[in-house]
Structure formats: C-alpha cells, structure tokens
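Heavy-atom basis, side chains included; hydrogens, waters and symmetry copies ignored. One is the number of the first residue; the rest follow in order along the sequence.
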Amino acid sequence: MIDFDKFELDNGLKVIVHKDINTPIVAMNILYNVGARDEDPDKTGFAHLFEHLMFGGSVNIPKYDIPLEKAGGENNAFTNNDITNYYLTIPKQNLELAFWLESDRMFDLAFSSKSLEVQKNVVIEEFKQSYLNQPYGDVWLILKPLAYKIHPYKWPTIGKEISHIENATMDDVKAFYKKFYNPNNAILTVAGNVETRKIKKLAEKWFGPVLQVTKYNRSLPMEPAQTEIRNLTVKRKVPFDAIYKVYHICARTDREYHTTDLISDILSNGDSSRLYTRLVKEQKLFSEINAYITGDIDNGLFVFTGKLVNGVKMKDAEKAIENEIEKIKDIPVKDEELRKVKNKIESSLEFSEINVLNKAMNLSFSELLGDADLINQEKSKYSSVTIEGIHQTANEIFRKDNCSTLYYFAN
C-alpha cells in the first residue's frame with residue numbers, strides 16, 4: 001500500500017506527496033500530459049524534440065544540469081505516445097533547488113535559435129542512428145501506419161520523417177510549449193522523507209506564480225475496428241528474416257487490460273513461457289521471439305516479434321506462431337500456469353515499490369489515468385483475472401481480421 005496526499009494549486013497544477021522515511025533521497029517527477037498523439041500530423045516528433053529542448057536552459061537558469069549536479073542530483077526524461085515525463089533525484093536538504101529548476105522551465109523556457117538548432121540536430125541524428133541506420137530500426141515506422149489508419153498512434157514518438165524536425169521553426173516550438181507545458185496540464189509528484197505541509201509551501205512558492213492558460217481539451221479520432229487482414233513485405237540488409245504480427249487491443253483503463261497483459265506473459269515471459277519453450281527450444285524455428293502489449297492509454301497493440309533461424313521458411317515460422325495463438329484461444333489455461341504469471345507480476349509490482357523514483361513516476365501516471373490510488377489497485381486487478389477471462393479475451397483479440405503482419409526479409 002502506497003500512502004500519499006494530494007492537492008491542487010490555484011493554477012491547476014496537481015501535486016502528489018508520498019512520504020518514505022527509508023531514504024535520504026527525494027524523487028521529483030513532473031508528468032506533462034502531452035505525447036506524440038497530440039502532434040499535428042504534418043509536424044510530428046515535437047513532443048520528443050521538446051524533451052530535449054527542456055534541458056536547454058530557462059530564462060533564469062542557462063544550464064539546467066550544472067546546479068542540479070552540484071547539489072548531488074541526477075535527472076532524465078522520456079517521451080512516448082501519451083506523455084512526456086521529467087524526473088530527478090536529489091538529497092533531501094537540497095530539495096528546494098529542484099523546485100526552482102523545474103518551475104523556472106515551466107514558467108519561461110529559454111528559446112534561442114542556437115539551442116533549437118542544436119537540439120534539432122540531436123534528434124535528427126537519433127532518428128538516423130536508431131531508426132534508419134540500425135538493423136530492424138525502421139520496423140515501427142512501417143508497422144504503425146499499417147496497423148493504425150486514423151488514430152495518431154500511426155506515427156512513432158521520433159516522428160514520421162526527419163523533414164518534420166528539420167523544418168520546425170521557432171514559432172512552431174513556441175506554440176507547442178505554450179499549448180502543452182502549463183501547470184494545468186501537468187502532475188507533480190514528490191516522494192521521499194518529506195512532509196506534505198512543506199511540499200505544499202514549496203509548490204505554492206515556486207509553481208504558484210506560473211500562470212494557468214486555457215486548458216487543452218484532447219479530441220482525437222477513434223481508430224475504427226480493423227476488419228481485414230493486412231500484410232506487408234519488405235527486404236532490408238539485416239542478418240536474419242523477421243516477422244512482426246500486431247493485433248488491436250483495449251485501452252489502458254479498460255477492464256480487459258490486465259487480462260490482456262497476463263496473456264502476453266503466458267505466451268512470452270521468461271524461458272519457461274510458451275513461445276520460448278516451443279518455438280525456440282523445441283522446434284528451433286526462432287533465435288528469439290517475444291509477445292508483449294504496448295500499454296498505451298488509448299487502444300493499443302498486442303505485438304509478436306520473432307527473428308527466424310537461418311533456413312526456416314517464413315510461412316513455417318508464421319504458422320508456428322498462429323498455432324500457439326490458436327491454443328490459447330481454444331484450450332483453457334491451466335490454473336498452475338496462470339498462478340505462475342500472476343506471481344511474477346506481483347513480485348514485479350512489489351519490487352517497484354522499493355524504489356522511491358518508481359513510486360513517484362507511477363503515482364503521477366496513475367493520477368493521469370484518473371486517480372493516483374489506482375497504483376494500489378494493480379495487484380488486485382491482476383489477481384482477479386480468471387481462466388474464463390483469458391479464454392474470452394484471447395478470442396476477442398486474436399481474430400485474423402484484427403491482425404497486421406510485417407514480413408521482414410533479409411536481402
């Protein structure tokens with residue numbers, strides 16, 4: 001059980017406080033409710049670009065990292081389809097410095113032509129290295145628009161194409177900042193050996209003066225149900241043939257989410273999982289194979305990825321995956337197998353509660369999903385998954401007309 005207090009400033013900033021007396025370190029997490037799904041289809045990659053720009057300095061703090069490092073702190077950030085998340089850890093006695101740093105870049109980020117060009121070049125280089133020049137790097141550039149036709153999940157966080165970042169102007173980035181980087185579009189969580197009263201005083205002092213703006217109301221197009229089989233074949237200079245199969249699944253807050261997650265664990269969580277045991281160890285069709293869910297806030301994907309052993313035909317490899325899918329659809333999961341994956345999940349959740357930064361992140365994300373207390377409901381939701389629920393959900397997801405497949409051949 002993770003206890004916490006929660007309050008909201010007059011400018012709309014939500015603040016969560018979790019007291020953990022077992023650590024001298026305090027974690028601060030700021031979640032901005034903006035991700036790749038909120039971008040203009042003709043100006044993608046901006047949320048990720050801003051993850052970099054936010055470290056370029058604010059009006060009163062030319063270099064964000066220097067004062068933080070001098071105070072014994074560390075920081076980082078990440079962006080995905082749904083959120084942009086900034087986090088840091090710092091010794092308790094220097095906590096006010098963290099409030100100063102984070103509030104200043106929310107209040108007035110320093111936009112300079114030089115900083116913009118530097119960060120654009122960083123992102124462009126990342127695009128090339130991770131997505132274009134790396135084996136299998138372009139998979140999601142291909143798979144996403146194959147699976148999604150309407151919803152903005154159809155482009156990856158890095159963006160659709162390099163030109164969108166290359167052509168980003170100062171006016172573009174200022175407008176993006178003004179629209180999304182506001183107190184009423186953010187959740188601040190502080191976790192450590194702290195008192196709520198003091199955190200409230202610091203939040204009001206440093207974040208209170210940041211002006212509230214017109215709230216961004218998200219209105220995204222719903223992805224229609226897929227009703228036809230989609231296949232695409234590409235050839236690339238890679239060492240092994242690979243196959244990628246994706247199925248549309250529910251949203252992160254839907255009732256079936258935890259059941260869907262456990263299905264992925266039954267199929268592919270560890271060396272005793274079904275796919276590894278049967279397709280890697282026994283049949284020796286794949287050198288590696290995985291199944292997982294994307295966990296997106298809106299309707300996500302159930303993903304199968306596999307690299308074929310040399311000499312294995314693509315049709316045989318795909319048939320083997322489909323056979324395992326049919327088994328989980330047709331044959332009820334044994335109680336022992338379901339209990340095993342539940343135990344793994346419970347252990348993972350328990351372990352995540354040890355780390356103060358993990359707790360800060362998870363509290364922020366739970367609040368975004370609707371209520372910070374959702375963090376305390378995860379175990380019971382996984383525990384309540386039934387054999388019947390696994391069977392029903394597997395049959396809902398694994399329909400042939402709900403599948404998009406990428407055949408990725410070595411050239």
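In this structure, K201 places its NZ atom where only 12 or fewer heavy-atom neighbours from other residues, nucleotides or ligands lie under 6.0 Å away. For K149, the NZ atom sits in a packed shell: over 12 heavy atoms of surrounding residues, nucleotides or ligands are nearer than 6.0 Å. The 12-atom threshold is exceeded at CD of E161, counting heavy atoms of other residues, nucleotides or ligands nearer than 6.0 Å. Environment of NZ in K200: sparse, with no more than 12 heavy atoms of neighbouring residues, nucleotides or ligands closer than 6.0 Å. Heavy-atom neighbours of K154 NZ from other residues, nucleotides or ligands within 6.0 Å: above the threshold of 12. Summarising the local packing, CG of D401 is surrounded by more than 12 heavy atoms from other residues, nucleotides or ligands at distances under 6.0 Å.
Residues F4 and H18 place their aromatic rings such that the two centres sit no closer than 6.0 Å. Separation of the F304 and Y292 ring centroids does not fall under the 6.0 Å cut-off. Outside the 6.0 Å centre-distance limit, the rings of F180 and Y32 are not counted as a close aromatic pair.
Counting only residues at least two apart or on different chains, the side chain to side chain donor-acceptor pair (under 3.5 Å) pairs with a member in residues 203-212 are E96-K205, E96-W206. Sorted by first and then second residue, the side chain to side chain donor-acceptor pair (under 3.5 Å) pairs involving residues 107-118 (not counting sequence neighbours) are E117-K120.
Residues passing the side-chain contact (heavy atoms from CB on, under 4.5 Å) test with K160, sequence neighbours excluded: P41, T44, W155, H164. The side-chain contact (heavy atoms from CB on, under 4.5 Å) search around T233 returns Y407, F409, not counting sequence neighbours. Here A410 pairs with V238, D241 under the side-chain contact (heavy atoms from CB on, under 4.5 Å) rule; sequence neighbours left out.
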Determine, step by step, whether Y148 and H248 satisfy the ring-ring contact (aromatic ring centres under 6.0 Å, His included) criterion, reporting the C-alpha distance in whole Å, the side-chain angles of both residues, the deciding distance to 0.1 Å, and the verdict.
CA-CA 9 Å; Y148 291 102; H248 292 276; 5.3 Å; yes
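You'll find the side chain of L406 reaches within 4.5 Å of the side chain of V139, heavy atoms only. Put simply, the side chain of R218 reaches to within 4.5 Å of the side chain of R37, judged on heavy atoms. You'll find the side chain of P183 reaches within 4.5 Å of the side chain of M106, heavy atoms only.
Taking the charged nitrogens against the carboxylate oxygens, K6 and D371 do have a contact shorter than 4.0 Å, which makes a salt bridge. The existence of a salt bridge linking D65 and K63 is excluded, since no basic side-chain nitrogen approaches an acidic carboxylate oxygen closer than 4.0 Å.
If you run ring-ring contact (aromatic ring centres under 6.0 Å, His included) between Y136 and each of Y408, F240, Y131, only Y408 comes through. Under the ring-ring contact (aromatic ring centres under 6.0 Å, His included) test applied with F111, the options F176, Y181, Y177 reduce to a single match, Y177.
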Give the table of side-chain donor-acceptor pairs shorter than 3.5 Å for residues 88-95, with sequence neighbours excluded, one pair per line with atom names and distance.
residue, atom, partner, partner atom, Å
K92, NZ, N193, O, 3.0
N94, ND2, A71, O, 2.8

